[in-house]
Structures are given as structure tokens and as C-alpha cells.
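Worksheet: one structure, shown below.
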2 protein chains.
Amino acid sequence: MANSPSGESIIGRFVRIVSAFDDRHTSMSVAELGRRTGLPVTTTYRLVNDLLLERLLEREPGGDIHIGTRMWELVSRGSKMLGLREAALPFMEDVQAVVQHSTTLGILDSDEVLYIERLGSDKTIVDITKIAGRLPVHATSSGLVLLAHSPAAYQDSFLARPLTKFTETTLTDPAVLRRHLAEIRQRGFAAMPGVIVPESSGIAVPVFGPDNTVRAALSVVVPRNEENTAARVPVLMAAARGISRSLGWRGELKGTLRQSH
Amino acid sequence: MANSPSGESIIGRFVRIVSAFDDRHTSMSVAELGRRTGLPVTTTYRLVNDLLLERLLEREPGGDIHIGTRMWELVSRGSKMLGLREAALPFMEDVQAVVQHSTTLGILDSDEVLYIERLGSDKTIVDITKIAGRLPVHATSSGLVLLAHSPAAYQDSFLARPLTKFTETTLTDPAVLRRHLAEIRQRGFAAMPGVIVPESSGIAVPVFGPDNTVRAALSVVVPRNEENTAARVPVLMAAARGISRSLGWRGELKGTLRQSH
DNA sequence: AGGAGGATTACCATTGAGCGGGAATCCGAA
DNA sequence: TTCGGATTCCCGCTCAATGGTAATCCTCCT
């Protein structure tokens, strides 16, 4: 499936084009887009014109282009992400009201944590999570919660890889991680001090779907040494249960919580 | 640009496919997708496979497909919508805390109001706004605010069309609408009782960008006859100013507020 | 078990959309 | 005015995309 000598399909090039935009580059000239994507000039212009016709891209007065409203609309309207987000938001607001720092909702995607919602932009803490941003699984509390409730086979393959050590406290030893995962399953939460940036700690709990599998991780990021884990975990857990129930979860059955292992 | 006898480009078909998904149909079989899009069977399967390869679509255990996480991620990450949404959300939360019913943020797109964020899901009121949903301009308070601050040429062309009357109070007469728009500009808000559904009223105010043009409309939906407009408008206005300032707006210059007309 | 009906995959001849190099043109800054 | 980059125009080549038909798989239902 590729009309191009490079052996790439239009869809692939479409992805390249959309990928060229991120939160730091929401608009650019077509020429720059061509440079960023590495596509031949002419091809870029032709493709961009097609996309402009469908309003998937939009041209601004200056001539620069950006991702079109239509694209956002189509994807948001049909994506399952909205359902999860809408179920979670009210409870996240409650958490945020109490914790005051930063509350995030993340899912597992392509061996990374993808954050799909985030409340709070407290400048006093270091929090590198962004909506639609990614962070490594083994270096975030959310990631460890998600991993802990993943199928054993996935855990094995994940732990078989080399893991980057970001800070002193980042866990990279598979054996140690396995013990942590077990603990996370047992206790129902993950509390990780400074595993990705030394200044901040994360506390995360799982959110369940109707089939009792873990859909997402709800977490708060707080300044290191102000974790106050004991007080915050119950808040998170209550909220996570609320979200889970909104998603159609009917309460855990004894024993099934850990069935994935 | 079309390899197909029907004269449609791949991009066009891509749009058709993504459009087939909405909040009521977040996943379906490939065959059903083919039916909904009207594309030839073989073509549908081939295209879907391409999209699956790029993870723009995802296959679920049952075989049904849905819009992929990657798609949501790419679009969200690069879209300008996120910036607006992130600027608005904290202030919307404040409004929602006070008003308790439903708070929305809408923009003007393709002659309709497109809602990009919504807080509150109070079942006691009739509120048909949805995130990534659309409503007509002339039958929503948000729409009228946006229209009131649009270029005169756009207003003229818009008012030249026939307008649907949804309820008793829906305004459809161009002359009357013009007077209302002027009033909205002057007072700084729109308060519309039951113009789309008779049971609910909307109150909306404009959100400005750095160049003093209107970027969005912030609004609340409340039960009819409980409008309490006098008390709610200040809350909305304060929030809207906050959002505007987050967007880089530097305070209105006397007279420029209405410069678009 | 058998079979009906739909979903999915396999096959394949046809063809025009996509491709991209090159050159011309436009445009803003120096 | 000159210059460099952005954008558009031109055009022949070619293979990816197309979509019909048919085989296969799958899931209920009898």
C-alpha cells in the first residue's frame, strides 16, 4: 500500500503530517511542515491542499496552517476517550479541590503512560505530565498501577527490557519491580517518591471498567516530602471507585481484583 | 485527487470513516462501517487495515474497531483546542461551582456553535450541549454572542439565510436579531430563554484573544424561570476575563471591543 | 450435526491518482 | 533593486488503489 517510491502509504504520510504538530508547534508554514516531515516539497503541498479541502487542516491569515477544528471534532466525537474523560472529570475535580496540586488520569498505551486528563497547574511543584503527553511506565506511579494490573504475560515482556534510571529512586531491577507490583495490587495504590523528577512524588490508584479490568490510573502529584500518603490514598480511592462506577463497574468481587495475575 | 471511479480521494474516505463514529457509535464491525460509510466492501477492509497498521483505528477483542488512542493523541497534542480548553477549564470550574447546573465553552465553526468543553451534567435541566457537539448559532446564547462579535460581512451573510424556529422564543427575523446582536455587544452578554428547548435558558459572554477578537463563548445553561441573570452575568464575565487574560488578552481598549462592527 | 446468513479474507485485472523533479512565480526583507 | 525562501505550476511515469467476484470463516439457530 504505497504509491510512493519510499513505500509509504498516504495514511502513513497523513500521520507524519499530523505528528509534526505538537503543543510547542501548533502552526507552521507548509514549507516548514515539509521540512519537519521530511516529505518532498511538492508532495507536501499537494497533501496539505487535500487536507485543507476536507478541513482537516486550516490555513490562518498569515498563511501558516494548523490542525483543523473539524479534525478535533471528528476524533473527539467518535473516540472512546471522551467517555472515560467525562466519567472521570467530576471526581477529579473533587480530588483536585482537596489535594490542590495536580490530578491526572492516565492510560496504558504502547508501553507508556498516556495522560488523557489533567487538572491543576500549580507552579510550585514540578509536574511534567501534560494532556496527551507520555511518560515511561516504570517511572510513574500511574504507570506502575497500570502495569500491576496488566496481564502477567505483558508484565513479563515489559520487565524483560532495560529500564532507564531517571533519579536515585527510579526502580529498574525487574525483581524489585515485581515485588512492588505485587504490593501495589495488594494495597490498591502506588506511592512513588521522585521516580521521574526528584522534586515530586506521585500517588496513583486504579480505575476499573465493567469487566473488572483496569481502564486507567488516577493519580496526584505532590511535592516530595509532603506526600501525606495516608491521608491522600483514601481520597483517591473513593474518587476512583466513583469513576469506575460511572463506567459501569459493579463493585469488586472478592478475589477477582487480582485475577489478572 | 481520486483513485476511485467515484472521484473521491483517500483523505475524503478517511473522513467518511472517522465520521462514521460518534458518541452513540464508538465501535462497530468493519462490515457495518462499510455500510455506514457507503464504501465498497473490499475498499473498506483494505482502508481499515491501513488505518489499523498506523494505529489510527484499533481492533477490540470482539473484532469490532474503534478510533485509536494514537489518533486521539496526535490530534489532541497538536490541536489549538487544547490551549483554549486548558486556559478555560479552571475558570469554568469556578463558574460551575457557583452556578451548579451546566457550564459550556463554545466556538464558531462552519456556521454553527461547536462546544469544546462542558462541565456539569445536572439531570434536572434539559441541556442538549455535548462536548464536540454542534448547535445552531441563532438558537443558542453562545451562538449569538459569537455572531455578535463576528465581522459585519459574516453577520450579513448569516442573517440572509432562513433560520429555523425551534421554540416560541427562537428569534428568526433578521431585523430583530440585528437589534439583539447590538444589544449583546453593548451589554456584553446574551441571555436567551428557551430558544432551543423551552425548558432551559442560556446566558453567555464572550472570551477574547490577544488581538481583541472573540475566541469563544462561555455560557451557563439553567432551568427556565430560574435565570437569575443579574446575579449570574457578573460571575460569567469575571471568568471570561480570566480566560481571556490566560490567552494573552491585555484588557479591552475603549472602543475596540466593538471594532469588528 | 447441519445449514443459513453474515462477516471476513483472498484473488486479480484495470487504471488513474499519486508522485516528485524541475522551473516559474510570488513575496517580503535587506 | 536584489535576494532567498515560500508557493504554485507543469508533466510524464508507474504502481498502489480500486472493487468486483468468489472462497472461507464464524456464529447462531434448528
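Each chain gets a letter, A, B and so on, in the order its sequence line appears, and its residues count up from 1. Keep in mind that this is a model prediction, so the values were computed, not measured.
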Taking N or O atoms only and anything under 3.5 Å, show me the protein contacts with nucleotides 21-23 of chain C, one pair per line.
| residue | atom | partner | partner atom | Å |
| --- | --- | --- | --- | --- |
| C:dG21 | N7 | A:Thr42 | OG1 | 3.3 |
| C:dG21 | O6 | A:Thr42 | OG1 | 3.2 |
| C:dG22 | O6 | A:Thr42 | OG1 | 3.3 |

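Between A:Arg13 and the phosphate of C:dC19, there is a side-chain N or O to OP1/OP2 separation shorter than 4.0 Å. Between B:Tyr45 and the phosphate of C:dT9, there is no side-chain N or O to OP1/OP2 separation shorter than 4.0 Å. Look at B:Arg46 and you won't find any side-chain N or O under 4.0 angstrom from OP1 or OP2 of D:dG19.
In this structure, A:Leu52 places its CG atom 10 Å from P of D:dT8, rounding to the nearest Å. Summarising the geometry, the separation between CG on A:Asp64 and P on C:dC27 is reported as 16 Å, rounded to the nearest angstrom. Taking atom CZ on B:Phe14 and atom C1' on D:dA17, their separation rounds to 17 Å, with Å as the unit. When the C1' atom of D:dA17 is taken as reference, atom CG of B:Leu39 falls 13 Å away, rounded to whole Å. The separation between A:Leu57 atom CG and D:dT7 atom P is 13 Å, rounded to whole Å. One interatomic measurement links the two molecules: CG of B:Asp50 to P of D:dA17, which rounds to 6 Å at whole-angstrom precision. In this entry the distance linking CG of B:Asn49 with C1' of D:dA17 reads 14 Å, nearest Å. Between B:Glu60 atom CD and C:dA7 atom C1' the separation is 16 Å, expressed in whole Å.
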B:Asp64 vs B:Arg59, test: salt bridge (charged side-chain N to carboxylate O under 4.0 Å, His left out). Steps then yes/no.
CA-CA 6 Å; B:Asp64 282 10; B:Arg59 171 161 267 139; over 6 Å; no
Determine whether B:Lys80 and A:Glu60 satisfy the following criterion, salt bridge (charged side-chain N to carboxylate O under 4.0 Å, His left out), listing intermediate values before the conclusion.
CA-CA 12 Å; B:Lys80 301 208 146 177; A:Glu60 12 193 282; 3.2 Å; yes
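Heavy-atom neighbours of B:Arg161 CZ from other residues, nucleotides or ligands within 6.0 Å: above the threshold of 12.
If you check residues 25-36 of chain B against DNA chain D, you find no residue with a heavy atom closer than 4.0 Å.
Remark: B:Arg13 does not engage B:Asp50 in a salt bridge, criterion side-chain N to carboxylate O under 4.0 Å.
Judged by distance alone, with hydrogens and angles left aside, the side-chain atoms of B:Arg70 form no donor-acceptor pair with the main-chain N or O of B:Leu57 at under 3.5 Å.
A side-chain donor from one of A:Ser110 and B:Arg55 sits under 3.5 Å from a side-chain acceptor of the other. Looking only at atom types and distance, the side chain of B:Thr104 has no donor-acceptor partner in the side chain of B:Thr129 under 3.5 Å away.
A tilted orientation is assigned to the rings of B:Phe158 and B:His138, their planes being inclined by 30° to 60°.
Taking both residues in full, the closest heavy atoms of A:Arg185 and A:Ala148 are given as NH1-O, 2.8 Å, listed atom of the first, atom of the second, then distance.
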